[in-house]
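What follows is one structure encoded as structure tokens, with my remarks underneath.
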Amino acid sequence: MCRCHRAGLTRETRRMSTEQIETTYDAHAMEAKWLPVWEELQPFRADDEAVRTGEKQKRYALTMFPYPSGDLHMGHAEVTALHDVIARYWWLRGFEVMNPMGWDSFGLPAENAAIRNDEHPATYTYGNIDTQAASFKKFGISFDWSRRLHTSDPEYYRWTQWLFLKFAERGLAYQKYSPVNWCPNDQTVLANEQVVDGRCERCGAEVTKRELNQWYFKITDYAQELLDDLDGLASTWPDRVVTAQRNWIGRSEGAHVDFTLHLADRSDRVVTVYTTRPDTLYGATFMVVAADAGLAAEIVAPERREAFEAYLAQTRKASDIDRMSTERPKTGVDLGVTATNPVSGEQVPVWASDYVLADYGTGAIMAVPAHDQRDLDFARAMGLPVRRVIDTGEENPETSGVATTGDGSYVSSGVLDGLTDKQAGIATIVDRLESEGTGTRAVNFRLRDWLLSRQRYWGCPIPIIHCESCGAVPVPEDQLPVTLPDMRGADLKPKGVSPLATATDWVNVDCPRCGAAAKRDTDTMDTFVDSSWYFLRYCSPNDGTQVFDPELTNAWMPADIYVGGVEHAVLHLLYARFFAKVLADMGLLEVREPFAAQLNQGVVINEGKKMSKSLGNGVSLGEQLAEFGVDAVRLTLVFAGPPEDDIDWADMSPAGSLRFLQRAWRLAGDVTSAVGTPADQGDTALRKVTHRTLHEAAGLIESHRFNVVVARTMELVNATRKAIDSGCGGADPAVREAVEAVAILLSLVAPYTAEDMWERLGHAPTVARAGWPEVDESLLVEDVVTCVVQVKGKVRGRLEVSPDISEADLQAAALADPGVQRALNGAQVRKVIVRAPKLVNIVPA
RNA sequence: GCCCCCAUAGCCCAAUCGGCAGAGGCAGCCGACUUAAAAUCGGUCCAGUCAGGGUUCGAGUCCCUGUGGGGGCACCA
């Protein structure tokens with residue numbers, strides 16, 4: 001089918017006279033007509049003053065800013081179309097709305113493109129940004145473009161660096177020399193979060209380990225608060241995001257228990273283990289320390305050292321993908337030392353294994369093989385003893401090979417014997433440990449500190465200078481930003497060190513403290529640092545003197561809605577929450593939670609599958625826009641279903657959306673009453689539909705059921721059409737009222753069509769700022785309602801009654817209904833349930 | 001393995017509190033307009049809510065079990 005035909009751009013249209021054009025819907029002509037008008041009017045520029053002074057109530061509509069990879073695609077279209085419904089609704093409701101847009105413009109793809117094309121990463125980055133910005137404008141999203149920012153601009157990353165230094169001052173940024181995830185393909189370290197199933201999240205290569213000196217943010221200091229504050233978000237954030245964050249933080253309660261190790265040189269050393277089951281302490285038949293934790297190498301007996309070193313070397317070689325296989329048999333090595341169990345006094349052997357993680361808990365565990373499957377597997381592999389201390393009535397784990405973790409009665413457990421309750425068991429044993437000074441209650445988190453160093457060029461330089469005598473010295477604030485040296489093409493090829501290390505003129509500087517020759521830190525920051533505070537910068541994007549203007553930021557924050565992909569459920573959202581809390585502690589921010597509510601859109605798929613180049617099933621946004629126009633595509637995305645559901649484009653009908661828009665648009669041409677005609681004397685039936693629709697739409701938008709708003713608008717269009725053709729006629733003022741309501745409702749989703757209707761109705765632009773029509777409450781009440789009369793739950797009659805009928809009257813009327821009498825067939829009435837005015841249910845004896 | 005979410009017509013989806021299962025759209029079918037077709041307009045068919053059990057006067061909605069699908073965590077002691 002001819003594309004221009006579908007979008008209403010027929011050959012006939014082009015030949016028509018001006019007069020005729022006005023009766024033909026032409027999506028592309030409307031886009032060309034209205035875009036420059038909006039550019040001129042700037043109707044969505046947020047007024048800081050009105051909000052700062054409290055003159056107007058604010059709403060902050062935030063959508064996750066994109067990475068500039070090529071042009072916009074269906075996913076961008078969906079998220080912004082949904083988001084725009086909310087932002088435009090708030091404007092109509094009279095709020096001062098801030099709806100900013102920017103770009104998360106540091107990152108690896110630009111660097112890879114620069115190497116490929118022998119150019120500067122900025123070329124790719126800013127070229128794509130310009131393309132996307134133009135597309136967003138054409139897509140009619142109500143962004144306030146005066147707040148546009150890019151994280152790769154020195155004016156922005158200057159403040160990213162400043163924040164890093166403030167975090168360091170507070171002890172929240174620190175260096176650690178430790179094994180890190182290393183992607184051999186991208187030649188860079190990866191955060192734990194970027195490792196998925198042992199592979200690099202980006203390129204899929206198997207991740208290995210490397211020892212590097214890295215910067216970390218101490219997010220673990222905020223683990224408890226990050227967890228606790230989720231409770232307050234549970235009602236306005238999607239369940240799965242809250243759950244994912246809880247899982248990620250991974251709080252567990254247990255105890256620290258001290259075991260005394262007896263080393264080969266006859267010295268003793270206390271090692272603390274973390275356990276969630278201190279009540280099983282009597283069943284601890286050996287100890288295991290993480291092979292790579294340092295402790296193992298320190299305590300290993302001389303005659304076991306060779307075997308240990310061999311094992312450690314083998315462990316280090318194994319990639320995470322091997323380590324994470326659950327089927328993998330347990331391996332380990334006896335360290336040749338013993339430890340004393342603090343409650344039983346028993347001597348138990350100490351082993352090293354890779355199944356104990358160095359960076360969780362204390363890196364050492366007490367092994368209770370009878371009641372922990374991992375320990376049992378290890379014990380059976382190594383021939384270590386198994387002792388049951390809780391009798392659950394199941395087969396003894398020693399013979400079954402299945403550890404029991406349920407409740408039962410304690411056996412062989414000293415003071416615990418006879419108890420059957422796990423909580424009581426834990427309390428009893430911990431009390432004893434605490435009184436004897438050999439243990440304490442303890443809480444542990446799965447959450448690790450945030451590794452932020454990256455050995456890449458296209459990122460925010462870490463503002464630190466390494467001096468031999470002074471150590472890591474912060475770059476003085478007045479020397480910020482530390483800008484990136486000019487590097488391009490082959491300069492950026494991965495060499496195992498950061499590309500910045502090869503920029504000698506840039507690297508070699510004098511130490512700001514002692515003046516001696518020193519070197520800049522050559523790593524750049526994880527781009528999640530850039531995106532952890534951009535929503536704060538939007539509030540005063542051009543302030544050259546401070547990270548943000550606290551007064552303005554506190555006036556706008558928190559974001560009242562944050563719309564974006566669920567793929568950021570953990571990382572970005574957790575980091576941004578962390579930043580907000582630190583900034584609050586710094587006294588710069590009043591709120592401790594940055595995003596009051598959240599909406600996660602689904603993804604756009606095609607024919608049941610994710611769109612991808614390899615599958616060849618991609619749907620081009622550009623082609624869809626050319627074929628159906630902006631409004632029809634936006635309407636399709638919003639109408640498809642609940643915002644959080646995935647959209648299968650193959651199930652959608654943009655042609656149907658276009659047809660509806662044309663129907664709605666044509667209504668405007670049938671209104672013959674003058675602009676400003678009051679609707680009071682208009683047709684009541686139509687007015688009721690209009691007012692009920694507006695009333696309902698408001699609630700539906702607030703609960704994010706945008707697809708239903710569209711359906712209600714369709715009903716209103718249908719009712720108006722009927723009124724014009726076979727009812728009160730186009731001259732009735734109720735018709736004008738209805739069509740104006742349609743234009744206003746449509747402006748949320750189909751701004752071009754709505755604007756054109758608004759003009760045809762005799763108004764000046766823009767409909768987007770026309771205001772939400774006042775709903776006449778008296779038109780919401782029905783004068784007659786249909787009451788259903790049931791007998792034993794089955795409908796046996798209907799009554800037309802007044803909405804304020806009394807229960808007694810309704811019951812009488814219901815019992816008198818002939819259909820009901822027939823159904824009762826003379827039976828005695830046992831009970832009558834009356835729900836005036838809608839339902840009566842009669843229960844016969 | 002543990003935790004969370006979902007399942008309504010051929011398809012996409014509605015159904016504030018437990019109260020007539022159907023608002024809207026797509027597709028289909030019939031009709032009007034047309035020489036004809038497209039477009040447009042009007043009309044219309046279609047499920048008893050994944051399965052089984054429970055609570056209730058009454059269950060798509062609440063509870064339990066199972067099936068199917070989606071997601072999170074996973075050698076985290």
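By convention in this document, chain letters (A, B, ...) are assigned in the order of the sequence lines, proteins followed by strands, and residues within each chain are numbered from 1.
Within the shown strands, nothing qualifies as a pairing partner of B/rU61 under the Watson-Crick or G-U definition with both distances less than 3.5 Å. Within the shown strands, nothing qualifies as a pairing partner of B/rU35 under the Watson-Crick or G-U definition with both distances less than 3.5 Å. With both pairing distances under 3.5 Å, B/rC2 is matched to B/rG72 as a Watson-Crick or G-U wobble pair.
The distance from atom CG of A/Leu716 to atom C1' of B/rG24 is 13 Å, rounded to the nearest whole Å. If you take CG of A/Asn707 and C1' of B/rC26, they are 15 Å apart, rounded to a whole angstrom. Nucleotide B/rC75 holds its P atom 18 Å from the CG atom of A/Leu376, rounded to whole Å. Across the protein-nucleic acid pair, A/Asn841 atom CG and B/rA59 atom C1' stand 13 Å apart, rounded to whole Å. Between A/Glu607 atom CD and B/rC12 atom P there is a gap of 14 Å when expressed in whole angstrom units.
Proximity of A/Arg663 to the phosphate of B/rC41: a side-chain N or O atom is located under 4.0 Å from OP1 or OP2. Distances shown here put every side-chain N or O of A/Tyr355 at or beyond 4.0 Å from the OP1 or OP2 atom of B/rA77. Between A/Arg835 and B/rC57 there is no side-chain N or O to OP1 or OP2 distance below 4.0 Å. Using a 4.0 Å cut-off, some side-chain N or O of A/Lys831 falls inside it from OP1 or OP2 of B/rC57. Dashed line: the shortest gap from a side-chain N or O of A/Asn718 to OP1 or OP2 of B/rG25 is under 4.0 Å.
Considering only the side chain of A/Gln662, B/rU40 comes nearest among B/rC20, B/rU40, B/rA77. The side chain of A/Lys330 has B/rC75 as its nearest neighbour among B/rC75, B/rA14, B/rC73. When each of B/rU40, B/rG25, B/rG19 is scored by its nearest atom to the side-chain atoms of A/Ile833, the top-ranked nucleotide is B/rG19. Among the nucleotides B/rA39, B/rA14, B/rG72, the one closest to the side chain of A/Arg659 is B/rA39. Listed nucleotides B/rG25, B/rC3, B/rA14 differ in distance to A/Arg712; the shortest reach to its side chain belongs to B/rA14.
Residue contacts for A/Val788: at a heavy-atom cut-off of 4.0 Å it reaches a base atom on one of the strands shown. Nucleic acid contact class of A/Gln790 (heavy atoms, under 4.0 Å, all strands): base. Among the atoms of the strands shown, none is found under 4.0 Å from any heavy atom of A/Arg830. As judged by a 4.0 angstrom heavy-atom cut-off over every strand, A/Pro642 is placed among residues touching the sugar-phosphate backbone only. Among the protein residues, A/Met366 comes within range of no part of the nucleic acid, since none of its heavy atoms lies under 4.0 Å from any strand. Nucleic acid contact class of A/Asp375 (heavy atoms, under 4.0 Å, all strands): none. Nucleic acid contact for A/Ser252: sugar-phosphate only, since backbone atoms but no base atoms lie under 4.0 Å from a heavy atom of the residue.
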A/Asp231/A/Arg246 under salt bridge (charged side-chain N to carboxylate O under 4.0 Å, His left out): CA gap, chis, key distance, verdict
CA-CA 10 Å; A/Asp231 295 342; A/Arg246 284 208 180 102; 3.0 Å; yes

Please walk me through it: do A/Glu253 and A/Arg251 pass salt bridge (charged side-chain N to carboxylate O under 4.0 Å, His left out)?
CA-CA 7 Å; A/Glu253 288 180 16; A/Arg251 185 191 145 103; 2.6 Å; yes

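For A/Trp351 and A/Phe286, the ring centers sit 6.0 Å or farther from each other.
Judged purely by atom type and a 3.5 angstrom limit, A/Arg577 uses its side chain to pair as donor or acceptor with the backbone of A/Leu226.
In B/rC17 the base sits syn relative to the sugar, since the glycosidic angle is no further than 90° from 0. Classified by its glycosidic torsion, B/rG42 falls in the anti category, the angle being over 90° from 0.
Minimum interatomic distance between A/Glu78 and A/Gly602 (heavy atoms only, all atoms of both residues): OE1-O, 2.8 Å.
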